[in-house]
Structures are given as C-alpha cells and as structure tokens.
Amino acid sequence: MKFLVCISNVPDTTTKIAFTPDNKEFNKAGVQFVINPWDEYALTRAIELKEAQGSGTVTVLNVGEADTEPNIRKALAIGADDAIRVNAAPKDAYFVAQQIAAVAKEGAYDVILMGKESIDYNGFQVHGMVGEMLGIPTVAPAMKLDMSGSTATLEREIEGGKEIVEVSAPFVASCQQPMCEPRIPNMRGIMTARTKPLKVVEAVGEGARTSVAEYALPPKKQGVKLIPAESAGDLIKLLRNEAKVI
Amino acid sequence: MSVLVVVECDGGEVKKSSLEVASYGSQVAQMLGTTATAVAVGEATEANLAKLGEQGISKVLYDAEPRLKDFVNSAYTKLIAAAVEKESSAVIVLANSNIGASVGSRLSVRLKASLATNVVELPKNDGGSFTVKRGAFSGKAFADVVLTGDRKILAVKKNSIEASHEAGKTAQVESFSAGLSDADFTDAPKQVVMQDQAGGILLPEADRVVSGGRGMKGPENWHLIEDLAKALGAATACSKPVSDVDWRPHHEHVGQTGITVSPNLYIACGISGAIQHLAGVNSSKVIVVINKDPEAPFFKAADYGIVGDVFDVLPKLTQAVKELN
C-alpha cells in the first residue's frame, strides 16, 4: 500500500499573529514554523498502518519553498520513507490541491491523507478538491481509519455524531483526533532522516482562484469586568441586562 | 444568475446554522438584484421547507430520495451541482459545517468555482471585484479574500450573521430529481451513531456553552457544569487536557485541534486559557471566565470574570439563573 501524506508548514500554535505593514502577508519574522498539528495525525496513522501491514511506503508531500525543508526532514525523522517538495509558495487551496493531485496521479498512491485543515488558513478545502480532481472518494473529517486489504473503514465526524464509512482505495481522508497519538522523532529517526530521499519538483496547473486582499486582526477586547466571588449571582444579572445574552 | 442556498435538515427540521445561511443567501441575492433558491439535503418536511420564506427564500428544491436522509458525499455533490445548473446560479452559499466543507470543496472543482470557507460577513461586490471576509489563523485574524472565478461558493461560519425572520412569508417547495443512481451512493455510511447530547443541545450549534477544564478536578464534579448548562439551556464542553485524560468525551473538546465554537455566551470554568484553547473559542460574542488564579491568561480574553473557586461559584450561578427564570 502506498501512502501519500500531505503536510503544511505553519506558524507554531503559540505564535502571536502579525502582518507585514501593508497587511497583505503574514509577517514571518522571528516565527517558529511547525508541521501543521492536524497533519501529524495523518502522518502517524499512515506510519502505523504501514507497520501493521508489514509492507508499503509512506511519502510526505509539501507544497512550499526551500524554508519548509526542516519540517519535511522532521516528518522523515518521525518515520516517513521519502519526501516530495513542490517548489512553490502555496497560493490558495485550489493551487495546492492541483499539486497534490498531480503528484498522487504520477505516483499512483493508494491512500492520500492530510490533516483536517491548516491552522493558518483554516480552509478545510484541499481534501475535497483533490478527491474531485482524481475522481475518488473523500472522507472528511476522519476520526478513525482502519485498513483491511484495500478496504478502509473510517469514522467520519458529523455535527452531533459520527458516520461509519467504508471505501476502497484509492481515497482521500482528512484526519483529526482521536485517530492516533502523534509520534515525535527519536534519535535514530533523526539520524536516518538526513539520508532519506527528498525530491523537489516544480509546480503545475493553472494557478489560484482566490487571493488575499488584506489581513486584519480582530478588534481588541474592552478588558475584563471582574465580579467579586461573594456576589457571583450578579454576573447572571449582567449577562441578561448588560450583555443581553441570556 | 440566482443565488443557490444549501440548507441542511435533520429530523424534519432545518438546522439553525442553515437558517443563518438562508438569510445570508437572500441578502446576497438582494445585493446582486436576483432571487435566492434553496436546495434542501437531509430529512425535511415540506412545511418546514416552506417556512424558509421567512428567511427570504423564494423557492426550495427538494429530492425526496430516502437515501439522502444521511450525508452521502457523492450524492449530495451531484444533487447540488444539478440544482446549480438548473438555476444557473452564480453564487452558492452553504454552512461551514462538516457537510458544507465536504460538498463545497468537491463542488468548487466540478463547477470551476472560487471557494471561500469560514466566511464571517456579507460579501462586497464593487468595481467588479467580489470580496468576502473570512476567519484565519485559528480565530486570531481575518482575511479579505477576492474570489476571481465566475462562480463563487461561500461557506458561512455559524453565528456570524443573525437569521432574519419575516413571519408569514412562505417559499414554494418544488420536488426535484437529480437522477441519482446506486453509483452515487457507494460512499453511503454503513452506520450513523448519534451522541448522547447533554440536554439535547448540539455543541457546534449551541448559542450558549458552559465549559470545564482541569480546575474541575475530576469527572465526578461535572454535575456542577451540567447543572449550570441545563439552567441556561447551554451545551457542555471541555478543554483538551480534560478529554485527553477521558474525563469527558472527545466530541466535547473545544480548541485548536478540537471543535471551534462561536456561541453568544461561553463560560469557562477552571480553564487557564492556553492559546490553543482560545483558538477554539475566541469568536464567541461574550466570554466569561471563572478561575481561582487571578493570573490565568484567559482573563485577558474575557468580557466578564470571577476570581474564585469554581466549586463555590458554580452553584451560586446556577441558583441565580433559576431565580431569574
């Protein structure tokens, strides 16, 4: 079974968000980038399934410029076998989906996994776009993934419950917890990652269908109004008469 | 040129988030000088669909195929694509839900449309450029996105706009068939398992949420959260550490890697307010924080706060709500 795991390179979860002076781009200065936390579920689950099957490969794919390579190497250290980087800044979800679909087609991958969404753009779009481009099923967001031969059983989260879905490979799934416990690299993994193959390819396709005109930060909160614990009941009156939310 | 609105139904009723989507769609239609048609998915009754007139919908298309009761990605996508063709819709509006995202992303490729998810405001359409504001960076920022395609798909975040309500207006319900066959149902769910909802309120749809963190000290104390939630008609939620140690089920976890909620009222009890938790709640309209540590970072993001012991404060709040009602 050939697994393709798509990872994005995102600002660390604790990053204070700031933009360039024209508000057109995220300000990367001094920001630590990590593997998108949702993608870690996809990566670890692919490695677990490969191990359980006793054969197969896990390839990581990133659409990004050369500065994403440290996190690609980290994915290799966690246990992926090889990596592909599409050498382009990710313009929008459609652009990224075209790159993934092209790589998936070329490499005839059986299972294409990614995180539910990236924590920077929060698109939750790429999974369906890739599935549609390849004409294969998508399951999103998936909380559980088991494989038996080429048949996968997934639990898909719906508002207020879950669906049990069965699909045959090839398929796309976007992953979220509690799918697995994401792994961290060990020393042996870090050593072997250095020599694992990382192929760089150029972007294909027709470009983006959306663009960001401007970013903005949310308006600042007024500041907290504290109510003494002894008269906690007053809070309820404020919520009704002042905030008007109950 | 009409606007097509996708409304999700469940147990005969139109979901609250879809009423918002219907209002949003009819306002966009007004802006563009056209009408809004809805296509309904899930289990609906004709009477409830006709009531979408109150949100400004003029016509509702409904395929009564029984297998559409549960979400089936291929079938829903085909059904909505057929409705788009029938109505020659240039703008398609759906909820930013798991269904909306699954269908919307496939549709965008099939219809060669530009897609914006997590939309929080009505679009601006001036100078030939169609721009919409969406949430980004896990609620820490917004982006104005330009949709360059001839067709546009917008997935609207819950609780971003208020559902309009014009009593007495009805929409015309028209039966509609997309000619679905067995091949469109190969990815139908084998089984659907619904959760036990505390008080019957779905967390992602809730107007009010009462949430507990590690400060609750153990699952045996959760009745304090549940009592207040019940009195307020709120859903219950928890922080990641709480679901990680199985005090509460995963589907109650709000935060960066859990559910994102945007209720009118979010009450956090014994949650310190790590930045990853804030990412899941920071678009709530009013945030109340109860914590015994006055230095808890959550107070910085709160509108109201009580520095005190949750075991002492929560019963007082529940009592006060009961007295008020």
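So you know, we letter chains A, B, ... as the sequences are listed, proteins then strands, and number each from 1.
- Salt-bridge formation is detected for the pair Lys158(B)/Glu159(A): a Lys NZ or Arg NE/NH1/NH2 atom is positioned less than 4.0 Å from an Asp or Glu carboxylate oxygen.
- Heavy atoms closer than 4.5 Å to chain B are found in both the backbone and the side chain of Ile158(A).
- Looking at Lys152(B), there are no atoms closer than 4.5 Å to chain A (heavy atoms on both sides), in backbone or side chain.
- Residue contact with chain A, scored on non-hydrogen atoms closer than 4.5 Å, involves the backbone of Thr186(B) exclusively.
- Both the backbone and the side chain of Asn264(B) come within less than 4.5 Å of a heavy atom in chain A.
- At a 4.5 Å heavy-atom cutoff, the contact between Gln176(A) and chain B is made by side-chain atoms alone.
- Only the side chain of Asn73(B) comes within less than 4.5 Å of a heavy atom of chain A; its backbone N, CA, C and O stay farther away.
- Between the side chains of Thr13(A) and Gln256(B), no donor-acceptor pair of N or O atoms lies under 3.5 Å.
- Within residues 139-153 of chain A, the residues having any heavy atom under 4.5 Å from a heavy atom of chain B are, by residue number, Ala140(A), Pro141(A), Met143(A).
- Only the side chain of Lys240(B) has a heavy atom closer than 4.5 Å to any heavy atom of chain A.
- Across Pro137(A), Gly123(A), Gly233(A), Pro228(A), the residue that shares the most heavy-atom pairs under 4.5 angstrom with chain B is Gly123(A).
- Only the side chain of Leu232(B) comes within contact range of chain A, with heavy atoms under 4.5 Å apart.
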